[in-house]
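Structure record follows, encoded as structure tokens.
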Amino acid sequence: MPSTVLSVTLEGERVQGGMLIGKTEPGNQIRFNDKPIRVSPEGVFLIGFGRDDSLQHTLEVSRAGKRVEKRQIEIAERTYRIQKIDGLPPSKVTPPKRDWARIKKEAALVKQARKCDDDRSDFTNGFIWPSKGIISGVYGSQRILNGIPKRPHFGIDIAAPVGTLVVAPADGVVTLAYPDMFYSGGTLIVDHGHQLSSSFLHLHKILVKEGDRVKQGDPIAEIGATGRVTGAHLDWRMNLRQARIDPQLLVPPMPTDE
């Protein structure tokens, strides 16, 4: 249920990895944790919480340079699945030095694609699953390989055969369409406005190009097994500014065959 105060309404999951859609009076300014964030002409804004964010956050509302309201937002802590695997060949834990330059270059391309920040509020109609399949990996999980903690998994994995269609979970603009990255293989990023983006990894085929405007439900790609994977699946990730949020919190339960 939305939580209503004098000058703001907020809707969404108040947990680590969650995202809230806010609405305030047009013309108001918003600061979140003492940083200004975009407010659309209609008064819509977004705030998000990372995997390991603190549980206390501050929201300030101002108008014409004068603070109207300041309040604390409390979120719930989550626990994540941790898996330890020992005895792996070193090449499976750390990539060879010959690949480091490529990895760095590709990371810069992804970072640049996520910098898009405009007034489009393509997220206001909600999100649908980009594909149908078995959920084989969840947000926040982490592996410790040969005693070395690897980066947590920041997406939701959907296992399905190569060639399974991927559709746009919400309206947006394509900011990256890259056929073969070292880690993520075929990689596609769709921006939904306000620096909220969806990333689709390990794709077999990309059906759109950079700059394309897509509508919710439009075909955008096919599931693959490219990059560093053990099987065919789609890794769907979402970023809001610097926060990596959990896509599964934004969609209904995965549809099942009748």
Side-chain angles (χ1 to χ4, degrees), residues 51 83 85 88-116 127-143 145 148 150-170 172-192 196-212 214 218-239 244-248 251 254:
R51 176 187 186 271
Q83 182 182 23
I85 304 175
L88 293 172
S91 62
K92 295 293 185 181
V93 180
T94 303
K97 287 186 177 181
R98 65 176 181 271
D99 295 315
W100 290 1
R102 176 187 174 186
I103 292 168
K104 183 177 180 180
K105 175 185 176 183
E106 292 171 353
L109 290 174
V110 170
K111 183 177 181 180
Q112 182 63 35
R114 289 179 176 152
K115 282 185 176 181
C116 180
F127 290 81
I128 62 174
W129 284 98
S131 197
K132 187 176 177 181
I134 297 171
I135 297 176
S136 57
V138 296
Y139 174 93
S141 59
Q142 185 178 26
R143 287 181 172 180
L145 306 181
I148 301 174
K150 307 306 289 183
R151 295 186 70 186
H153 183 50
F154 290 113
I156 181 81
D157 289 341
I158 304 168
V162 170
T164 300
L165 192 64
V166 179
V167 302
V173 173
V174 177
T175 57
L176 181 71
Y178 201 94
D180 184 25
M181 290 192 164
F182 179 81
Y183 283 116
S184 55
T187 302
L188 176 66
I189 297 179
V190 175
D191 176 79
H192 305 295
L196 174 69
S197 64
S198 287
S199 299
F200 309 93
L201 315 183
H202 311 301
L203 301 171
H204 170 66
K205 188 176 182 180
I206 297 174
L207 305 177
V208 291
K209 63 184 184 300
E210 293 175 17
D212 281 355
V214 297
D218 283 352
I220 56 175
E222 295 176 1
I223 286 179
T226 57
R228 287 168 72 93
V229 297
T230 56
H233 73 282
L234 173 68
D235 184 350
W236 176 30
R237 305 186 179 198
M238 294 191 71
N239 286 63
R244 296 176 180 267
I245 61 177
D246 185 354
Q248 197 169 2
V251 289
M254 171 68 76

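Quick note: residue numbers are just sequence positions, from 1. Here the structure is a predicted model, which means the values were calculated and not measured.
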Is there side-chain contact between L207 and I220, with heavy atoms separated by less than 4.5 Å?
no
Residue pair M254 / I156, side-chain heavy-atom distance below 4.5 Å
no
E222 side chain to V162 main-chain N or O, any donor-acceptor pair under 3.5 Å?
no
Side-chain touch H202/T226, heavy atoms, less than 4.5 angstrom:
yes
Taking the six-membered ring of F182 as reference, does the NZ or CZ atom of R102 fall below 6.0 Å from its centre and within a 45° cone about the axis?
no
Residues H153, R237; criterion side-chain contact (heavy atoms from CB on, under 4.5 Å); working and verdict:
CA-CA 9 Å; H153 183 50; R237 305 186 179 198; 3.5 Å; yes
If you compare all heavy atoms of P247 against all heavy atoms of I245, which two are closest, and at what distance to 0.1 Å?
CD-O, 3.2 Å
Which heavy atom of R114 sits nearest a heavy atom of S199, and at what distance?
NH2-OG, 3.1 Å
Report yes if the side chains of P95 and I103 come closer than 4.5 Å at any heavy-atom pair, otherwise no.
yes
How far apart are the closest heavy atoms of D191 and L196, and which atoms are they?
OD1-O, 3.4 Å
Passes side-chain contact (heavy atoms from CB on, under 4.5 Å), L234 versus T164? Steps please.
CA-CA 9 Å; L234 173 68; T164 300; over 6 Å; no
Among F154, F127, Y139, exactly one meets side-chain contact (heavy atoms from CB on, under 4.5 Å) together with M238. Which residue is that?
F127
Go through the structure and list residues passing side chain to side chain contact (heavy atoms under 4.5 Å, CB included) with V167, not counting sequence neighbours.
I128, L165
Compare all side-chain heavy atoms of T187 with those of E106 and state whether any distance is below 4.5 angstrom.
no
So with a 6.0 Å cut-off around CD1 of I134, is the heavy-atom count from everything else above 12?
no
How far does CG of L203 sit from CD1 of I223, to the nearest 0.5 angstrom?
8.5 Å
Of all heavy-atom pairs between A168 and V214, which one has the smallest distance, and what is that distance?
CB-CG2, 4.0 Å
Contact between D235 and Y183 at the side-chain level, heavy atoms closer than 4.5 Å - yes or no?
no
Show, in sequence, the C-alpha distance, side-chain angles and deciding distance for H233 and I158, and conclude whether the side-chain contact (heavy atoms from CB on, under 4.5 Å) test is met.
CA-CA 5 Å; H233 73 282; I158 304 168; 5.9 Å; no
Find out whether S184 and Y178 are in side-chain contact, i.e. whether some heavy atom of one side chain is under 4.5 Å from a heavy atom of the other.
no
Please report the closest heavy-atom contact between P152 and R51, naming both atoms and the distance.
CB-NE, 3.4 Å
Beyond-backbone contact of S197 with T175, side-chain heavy atoms, under 4.5 angstrom
no
For V208 and P219 the tightest heavy-atom approach is CG1-O, 4.1 Å
